[in-house]
Protein chains: 2
Amino acid sequence: MERSSATSGGSTRREATRQKLYEAAVTLIAEQGFSATTVDEIAERAGVAKGTVYYNFASKSVLFEELLRHGVGLLTASLREAAERTAAEGGSRVDALDAMVRAGLVFIDRYPAFTQLYVAELWRTNRAWQSTLMVVRQEAVAVVEGVLREGVAAGEFSDEIDVQLTAAALVGMVLVAALDWKSFQPERSLDDVHAALSRLLQGRVSGKG
Amino acid sequence: MERSSATSGGSTRREATRQKLYEAAVTLIAEQGFSATTVDEIAERAGVAKGTVYYNFASKSVLFEELLRHGVGLLTASLREAAERTAAEGGSRVDALDAMVRAGLVFIDRYPAFTQLYVAELWRTNRAWQSTLMVVRQEAVAVVEGVLREGVAAGEFSDEIDVQLTAAALVGMVLVAALDWKSFQPERSLDDVHAALSRLLQGRVSGKG
DNA sequence: ATTTTTGCACTGACCAGTCAGTTTAAAAAT
DNA sequence: ATTTTTAAACTGACTGGTCAGTGCAAAAAT
């Protein structure tokens, strides 16, 4: 298991330990919440000594904050990639929105525990990691807002839409539908769920279809 | 003795105390989460001794469960009323959906803390009140599903829509948009937010408008 | 040789739940 | 009317347990 360090000083062993801790923490916190999850549990599930947690992270809160940043970083990158790919392929803004819906679903499909945890913490106030959460939320929502704004500028969307609120509503639509999917109809395919949301997104609900 | 408890107003001493405890608990738990909120805090904010909490509720969890039931009961009643009123006035199913969106917004406007708390707990697993939450969620979503199903039967909605998933998506849309409203643009009026969501609901996003 | 991990004992703060005793107010007795 | 009785409602100090974080010497990995 030798992994030569192409990058500077950063040790690979340490990184692997941190990754194990992220994975252990994310599922436990998703299930139980931050306060109800103990550091001993996290260490045990990660197969690591408690001292190692504190060797790698300053505190339980810091571990959680870095976990949040890590996870949302993945989501944001994925959304951005979807929007850019669509644009490069000459798709419309609606196509871009649709591609982002799918990217969101793929993310939630792959990291359901992280999504649960994120939703559970997002609207809390008076918490230590409040500011981290705000920053990280804004990065993700901003990608959606960007596409909406471009669409309005290009005359593709009505200039009467409320960009900020509409972005929030779209994110909510995907988030809640996907969590419902995972919780109550896990046997359904991603394509299936995507198709249902596309229909809603494009207003193809009314009418006999 | 004979506490004349049947006075329909429900204004026995005990009932008043329980109400105070609900109000104290809902804001604290919304801010901090269940585990991070102590019974001492709840008692203090309610202006009551800790023992009183345990005189009125079997445990901290039971207090929370009854709080959940209480709150979702209000929401469900409100959604149902909105749907029925619209039908009685001869409105279409889209009108009913729209009225329910507004009822949801009104509820969140009035009980923002409850909404926060509800969303934060809804998708958690392995929690004591899991089953309570499921039941209570289903009651609320079922109202939306009912309207969608009627609409499909009446040919008002496409028979290709996925009722369950669409209902979840609609609930999510309103929930997330409203929490965003309260968190980041609290100065906006309810009508304003409602208008933005109506537009999205009716697919009036694409096009120059 | 240095970084990282382990194992484990320890501390001090914190907290859910208990319980013996006190207050409240309505009913019964005088 | 006034006093006495009763049961429900409430109080708050106390207990037993839990948990984040520490300290450190030895071991393992690089």
Side-chain angles (χ1 to χ4, degrees), chain A residues 1-26 28-29 31-68 121 126-129, chain B residues 1-7 9-26 28-29 31-67 121 126-129:
Chain A
M1 53 165 59
E2 121 270 348
R3 185 170 289 235
S4 54
S5 53
T7 48
S8 55
S11 108
T12 308
R13 183 148 81 117
R14 196 142 193 246
E15 204 42 58
T17 302
R18 291 169 68 99
Q19 188 62 37
K20 279 195 292 183
L21 285 169
Y22 281 156
E23 279 162 23
V26 78
L28 286 167
I29 297 179
E31 282 169 10
Q32 307 176 328
F34 176 80
S35 303
T37 300
T38 70
V39 174
D40 287 288
E41 280 178 308
I42 296 173
E44 192 191 348
R45 173 152 330 178
V48 136
K50 187 179 183 176
T52 303
V53 176
Y54 286 93
Y55 182 77
N56 284 281
F57 298 95
S59 69
K60 185 185 170 188
S61 306
V62 168
L63 162 56
F64 185 56
E65 273 185 62
E66 299 197 7
L67 176 58
L68 282 175
E121 293 294 336
N126 298 347
R127 302 234 76 175
W129 50 81
Chain B
M1 46 173 61
E2 162 60 55
R3 201 100 280 172
S4 81
S5 52
T7 38
S11 58
T12 57
R13 183 145 79 116
R14 193 140 193 239
E15 203 44 56
T17 303
R18 290 169 69 99
Q19 189 62 38
K20 278 194 294 184
L21 285 170
Y22 281 155
E23 280 162 21
V26 77
L28 285 168
I29 296 179
E31 283 169 8
Q32 305 176 328
F34 176 80
S35 302
T37 300
T38 69
V39 174
D40 286 286
E41 280 177 308
I42 296 174
E44 191 191 348
R45 176 159 320 184
V48 136
K50 187 179 190 177
T52 303
V53 176
Y54 286 92
Y55 181 77
N56 283 281
F57 299 95
S59 68
K60 186 185 169 187
S61 305
V62 168
L63 163 55
F64 184 56
E65 275 185 61
E66 298 197 8
L67 177 58
E121 293 295 335
N126 298 348
R127 302 233 75 174
W129 51 83

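First the proteins, then the strands, lettered A, B, ... as listed; each starts at 1.
When the C1' atoms of four end pairs are superposed on the next four at each end of the helix from C/dA1-D/dT30 to C/dT30-D/dA1, using five pairs per end, the two resulting axes differ in direction by 20°, to 10°.
Look at CZ on B/R14: it is 5 Å from P on D/dA9, rounded to the nearest Å. In this structure, B/F57 places its CZ atom 14 Å from P of C/dG17, rounding to the nearest Å. Look at CZ on B/R18: it is 15 Å from C1' on D/dC10, rounded to the nearest Å. Atom CG in A/N56 sits about 16 Å away from atom C1' in D/dT22, given to the nearest Å. Per the geometry, OH belonging to A/Y54 stands 15 Å off C1' belonging to C/dC8, to the nearest Å.
Side-chain atoms of A/R127 come within 3.5 Å of backbone atoms of B/Q32 as a donor-acceptor pair (strictly under, hydrogens ignored). Looking at B/E15, its side chain never comes within 3.5 Å of a backbone N or O of B/T12 through a donor-acceptor pair.
Residues B/V62 and B/W129 have side chains not in contact (no heavy-atom distance under 4.5 Å, counting atoms from C-beta outward). The closest side-chain heavy-atom distance from B/I42 to B/L63 is below 4.5 Å. Counting only heavy atoms from C-beta outward, the side chains of A/F34 and B/S35 never approach each other to under 4.5 Å.
For DNA chain C, the neighbouring residues in residues 39-53 of chain B, judged by any heavy atom under 4.0 Å, are B/V39, B/K50.
At least one side-chain nitrogen or oxygen of B/T17 sits closer than 4.0 Å to the OP1 or OP2 atom of D/dC10.
A donor-acceptor contact under 3.5 angstrom links the side chains of B/Q19 and B/E23, judged on distance only.
Listed by chain and number, the residues in a salt bridge (Lys or Arg N to Asp or Glu O under 4.0 Å) with A/E66 are A/R18 (sequence neighbours excluded).
Closest to the side chain of B/T38, from the set D/dC19, C/dG17, C/dC15, is C/dC15. Here the nucleotide nearest the side chain of A/R13, chosen from D/dA20, D/dA29, C/dT24, is D/dA29. Taking the side chain of B/Y55 as heavy atoms from C-beta on, and the options D/dA8, D/dG21, C/dG17, the nearest nucleotide is D/dA8.
Nearest heavy-atom pair across A/V48 and A/T52 is CG1-CB, 3.4 Å. Nearest approach of A/E121 to A/F64, heavy atoms of both residues: CG-CZ, 3.9 Å.
Counting any heavy atom pair closer than 4.0 Å across all strands shown, B/T37 reaches sugar-phosphate atoms only and no base atom.
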